[in-house]
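Quick notes on the structure that follows.
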Amino acid sequence: MKRLKQLEDENACLKKIVADLTLDREMLQDVIKRKL
């Protein structure tokens, strides 16, 4: 049971990282489009 909680916490952390990177990527693509 303890292992499950640990995995859930890790999963939540990874999801946050993915969301942050996705946002960064969208912002960069927006900047590139404006420059072209």
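For the numbers below, each heavy atom of this structure counts, side chains included, while hydrogens, waters and symmetry mates do not. We're numbering straight along the sequence, starting at 1.
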Quick one: [atom1] on [X] to [atom2] on [Y], what's the gap to the nearest 0.5 Å?
X	Y	atom1	atom2	result
R3	E10	CZ	CD	7.0 Å
L14	K16	CG	NZ	11.5 Å
M1	K5	CE	NZ	11.0 Å
D30	R25	CG	CZ	12.5 Å

Measure the shortest side-chain to side-chain distance between N11 and L7 over non-hydrogen atoms and say whether it is less than 4.5 angstrom.
no
